[in-house]
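Structure record follows, encoded as structure tokens.
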Amino acid sequence: MDKSRTLFARSAAYALFSNLAHSPHEDYIIFSDLENVIQEIEQVLPFEVDFSSIINETNKVTDNNWKNIVQSYSALFEVGDDGPPIPIRESANDSLAFKKEEITRYYDYFGYTVSENRKWESDHLSIELEFIHFLCQGERESEDALSFQLAQKDFIDRHLILWLASVHYKMEQLDAHPFWMAIFSALFTFIQKDLNWLKNQTNELKEAI
Amino acid sequence: MKNQSLSKPEVINEMKVDYFPPISRRKFLSASGLASLGLMLKFSPLKAAVTPNRPYRKFEDLMRNKFTWDKVARGTHGTNCAGNCAFNVFVKDGIVWREEQQGDYESTDDTPDYGPRGCQKGLRHAKYMYGNQRVLYPMKRVGKRGEGKWERVSWEQALTEIADKFIDVVEKDGPESISWGSGTQMSVKIASYAALARLVNITGVTVPEFYSGVGDLPTGVYTTLGKVYVGDTMSAIYKSNCVLVWMSNPAVTRIPDAHFFWEAKYNGTKVISISPEFTPTAMHSSLWVNPKPGTDAALAMGMVHTIIKENLVNHEYIKEQSDLPFLVRTDNKKFLRKEDTSIVSTLAVEDNIFYLWDKKTNQPVIAPGTGLTDPPPGRDRRKFDTIDLGDIDPALEGRWTMSTLDGDVEVTTVYELLKDEAENFTPEKASEITGVSPEVIRQIARDFAQAQPAMIYAGYAACKWVHGDLLQRAFVLLLSLTGNIGPEGSGLQISNSPKVRGLMAFAFNGMGPATRMISATNWDYEQGNMKELTKNVYGEELAEEWDAKYQESIKEDWFPQYGKKGWKMGFFAGNNGANWRASGNKWRKDAFEKLESIVAIVPDMGVTAHYADYVLPVAHHYERADIMLQARTPYVQILDAAVPPIGESKDDFTIVHDFAKILEKRAKKRHMKVIRDNVDGKSVRRDFKRAHQQFTMDGKVKDVKDVIQFIINTTPGIPKMSFEELAAKGKVRVEGSDKTYYDKDAPYHSEIMESVNEKRPYETLTSRQQFYIDHDWFIEYGEQLPTHKEPLSIEGYPLRMMMGHARHGIHSMWRDDPLMLTLQRGEPDIYVNPDDAKTRGVKDGDKLRIFNSGGEFFAMAHISAGIQPGMTFMYHGWDPMMFKDQQNFSAVISTSGLIKPTSMAGDYGHLGYKVLAYAPNQTYKDFTCDFEKATHG
């Protein structure tokens, strides 16, 4: 296995999901060659994933139905009577609010800074995913790759995986729009597999050390 | 921030970032779009990852680095608790993590200091502000009203649509058909309120005044003293020898200040708590007295009887300061006036010249300081006249015959009439009404009268009874009889308010006052057809009689009437208007939900926003700049923005400013004509095509800091400095606050002290503390003097429901905070007496249905021996959204139509509509209900 290619595919996958999980009210981008991108990621990742539902749903996007997709994101994650039905910020989940400090400590430790207008939502799912993407890059560049790899594993284990399961479950309960269901289902599957892979990898690395 | 919600998302193919080694990238990507994707950091400034200083091996390694702060800002919580607590707000990475009391307060004289100030709500705010209840983006309703379906929209879209609707309504029905209800959540933030006051002055929309609208206006105080704002600083408590804490629970509602009571008690002050339920304040007091709910005025009159009977009266004080020695005709119960005595005086309308009986000459003499006309503009008559008796020694007791234009009539003094009235409330008779032992009544009367100084610390609860004005008049009477208005440590401590001339100067600058402001009580009565409710719940006779008086008052032009063409559009800013209203279920159904358009401007979701068509997000306390003055402490307190507003929220100034801008733009686009308006007889031209230009004073006012500086510069009593200097300090002591009461230099009202100490006339008809009101309506209803009247009940429902401010919330603010809920029962609960619960088969924790003919709601039973039989108690503020069917306690508070006739009296000296002084209160207490174990819900 080409470690460099694997790392880059994982990094790209996190960047992709960071973008796809982000609010479509803002700088939302869908790439013209998304299908190629996803296929390349699927091929290179060290575990099996199927992102075809994302491709299918993306292909269905038109000028006419886009507004509906955008509204459905808001209704799930951004607005609602008691707040949004599914908090997209980790600390907005009551039981996880105490973990916010740890997120900031992770960011500080590895030099990840959130842009000024995003700082208040530094625990937004998109930003947390981007942080993993950032750690992937660090792993590649740094002489201390293990630090970055262990951080990826721990951050996913201690943060993302905990509440992404609940996000995914609530989306199913709320019969979320297929566009978002496809993205978040793929993301949830990917993260679980990536975490398992990371655990194995880091165990091996630790043993080697 | 770009908003692409209306079109398909951008499609890109270009590479954004490139700092992976090029070779490996090209090898892998073969020019695919993955390059642009995999190498992009969207939420972070472009920066390569760096190797950490220490290797990372496990999460505990993170904790080895000290958590440091990027900055510590000064701030407070701009909410309406009047605490004004100075806080340090700790920020790291653009996030507020915690807050801490600033603490460095001084003391006044030999009293304890004011700090540290704060409570659990304030110390929780750093978490709450990021909570899930927060409104982060402008929202537009997409489902049915109240269905809870929302669409996130841009500010531009929201404000444009709102402005267009605004113009539609104004062109069709006039600006008075639009309400812009503010609330204390905003009014305590003076710059924000000034901005809103300027916008409503420009546009002419109706402002339902919320002071009386939430039942907080001390009209009984105004009736007696001609002033509403007579409170001192909280440290005055320490100077008192006896404090009656009456209808108030400061251990819960004044957490930062409650220490003054307990320190005073430690110092020898007798603290007597008077409340029907056993409160946390009663727990710490020297004595707890528990009258039956709504019988407090009988208790007060029983004390009055004892004070008179046992000769504990300060005769010299009441002869000079009060109308008690004034002469009254016994034939028609009217004051003896100069116009009674000569045809010349009748023609001269000398109806405000009154008489005393001089014991030295045994003749009637004109009371000094009476007969005063309204002052000419710019001249304060109080500076030139006096109530000094000179050589006159007024009789307090006696009956005489005088020759008048009606022939010989008997006259007596107000004091004699008061003695007669007090005979109806001997301690024994008062005991029958109140349930308090006659000996206890006598003892607290003696303790109070002999303490010197003594004070009554009362909250706003008295204002919430239909006959609460009578109770407040009795409060003032107790104080006056014992010479306890004036000396340090005495007086009635309900409220004071800043004399923020800068606020009004900003609001009216360039166009003068042209604001429609009316009590929300009146507004609701008319727009919600509350007469109908009174008819259904309290009977047709009462409804018709009181409504006739209401209509007469309007017809006589004693009170204004706005919104004659109906209520079409409502803005709710700084308040949760659909939460706190009495008869909330009817109001929502018959007024609120019938509005063509509802705009809620809120930081957090609640029932008002739930029913709105547009919800606009407001910045929370640590995300904005403002300035606050609250009379409880002698400080001006700053709010400084520790962090930028989160999400897309904006501060109130910016929202109002941006709305004015878009209103102007749309008015120009639609070629809107100038509105020729008339407010209370004053002609006003309103040109919305200049709305923004006017609002910004031709561009001079750019942001909220400009407004703050304007207020600092133009308000007496605030030390002059820049906003930045003030923000660096956090709080600054106001001028004129060397004593525990305020003097003339202070930015708070101090006129009562001037009347007492300098013998200046009071702003009442009689120029005295006026206990006798000889307005025809007062005579008709037997309310010439302070007295007790039974509270209203609903036939067939035995339990009186009492309410009070909560420990774990400030009204509906923080009421839904998860941590706060864990400190309570986690859901709305109602306190009931064990015997009442037993007879209804109810156990603690059961779900109860509380009901009467007005409606029903559901809450958890909280059985407590601290609750009298025949009553229930519930802490308020629970949002309807926290209840089944979104119905909170207001469903059974069927009082919205109970506007007592005397509260609408006018054409009588100081009585008649006066903003924030004399208007009918929304009342919340005069009803009864019952409860049962819920079988559903």
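Numbered from 1 within each chain, the chains take letters A, B, ... in sequence-line order.
- Annotation for Phe47(A): atom CZ counts as buried by contact number, over 12 foreign heavy atoms lying within 6.0 Å.
- Scanning residues 152-161 of chain A against chain B with a 4.5 Å heavy-atom cutoff picks out Asp154(A), Arg158(A), ordered by number.
- Per-residue counts of heavy-atom pairs under 4.5 Å with chain B were compared for Ser91(A), Gly80(A), Ala75(A); the largest is that of Gly80(A).
- Of all heavy-atom pairs spanning Gly647(B) and Trp120(A), the tightest one is N-CE2, 3.1 Å.
- Of the atoms belonging to Ser74(A), it is side-chain heavy atoms, and not backbone ones, that fall under 4.5 Å from chain B.
- Here the straight-line distance linking atom CG of Asp144(A) with atom CZ of Arg57(B) works out to 5.0 Å at 0.5 Å rounding.
- Looking at Ser23(A), only its side chain comes within 4.5 Å of chain B, counting heavy atoms on both sides.
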Audit row: Phe134(A), Phe43(B), ring pair (Phe, Tyr, Trp, His ring centres under 6.0 Å) steps and yes/no: CA-CA 11 Å; Phe134(A) 176 88; Phe43(B) 305 108; over 10 Å; no
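- Taking every heavy atom of both residues into account, His25(A) and Arg152(B) meet most closely at CE1-O, 3.0 Å.
- Listed options Val615(B), Asp61(B), Leu819(B) were ranked by heavy-atom pairs under 4.5 angstrom with chain A; first place goes to Asp61(B).
- Here the straight-line distance linking atom CZ of Arg98(B) with atom CD of Glu101(A) works out to 11.0 Å at 0.5 Å rounding.
- Heavy-atom pairs under 4.5 Å with chain A peak, among Ile95(B), Leu62(B), Asn53(B), at Leu62(B).
- Chosen from Lys92(B), Lys58(B), Arg134(B), the residue pairing most often with chain A at heavy-atom distances under 4.5 Å is Lys92(B).
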Between Tyr130(B) and Asp123(A), is a side-chain contact (heavy atoms from CB on, under 4.5 Å) present by the stated rule, with each step listed? CA-CA 11 Å; Tyr130(B) 297 108; Asp123(A) 58 343; over 6 Å; no
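- In this structure, chain B has heavy atoms under 4.5 Å from both the backbone and the side chain of Ser126(A).
- Rounded to the nearest 0.5 angstrom, Gln71(A) CD and Lys149(B) NZ are separated by 11.0 Å.
- Of the two parts of Ile646(B), the backbone and the side chain both hold a non-hydrogen atom closer than 4.5 Å to a non-hydrogen atom of chain A.
- The shortest side-chain heavy-atom distance between Glu151(B) and Lys67(A) falls under the 4.5 Å cut-off.
- By number of non-hydrogen pairs under 4.5 angstrom with chain B, the leading residue of His124(A), Glu116(A), Arg89(A), Glu121(A) is Arg89(A).
- For Pro818(B), the part lying under 4.5 angstrom from a heavy atom of chain A is the side chain only.
- Here the straight-line distance linking atom CD1 of Ile86(A) with atom CG of Asn132(B) works out to 11.0 Å at 0.5 Å rounding.
- Looking at Glu78(A), both its backbone and its side chain come within 4.5 Å of chain B, counting heavy atoms on both sides.
- Taking Thr104(A), Ile69(A), Asn65(A) one by one and counting their heavy-atom pairs under 4.5 Å with chain B, the maximum is reached by Thr104(A).
- Both the backbone and the side chain of Glu102(A) have a heavy atom closer than 4.5 Å to some heavy atom of chain B.
- We find the NZ-NZ distance between Lys127(B) and Lys100(A) to be 8.0 Å, quoted to the nearest 0.5 Å.
- Between chain B and the residues Val79(A), Thr202(A), Asn64(A), the most heavy-atom pairs under 4.5 angstrom are made by Val79(A).
- How far CG of Asp93(B) is from CG of Asp108(A): 4.5 Å, rounded to the nearest 0.5 Å.
- Of the two parts of Met63(B), the backbone and the side chain both hold a non-hydrogen atom closer than 4.5 Å to a non-hydrogen atom of chain A.
- Top candidate by heavy-atom pairs under 4.5 Å with chain B, chosen from Gln149(A), Glu143(A), Glu130(A), Lys119(A), is Glu130(A).
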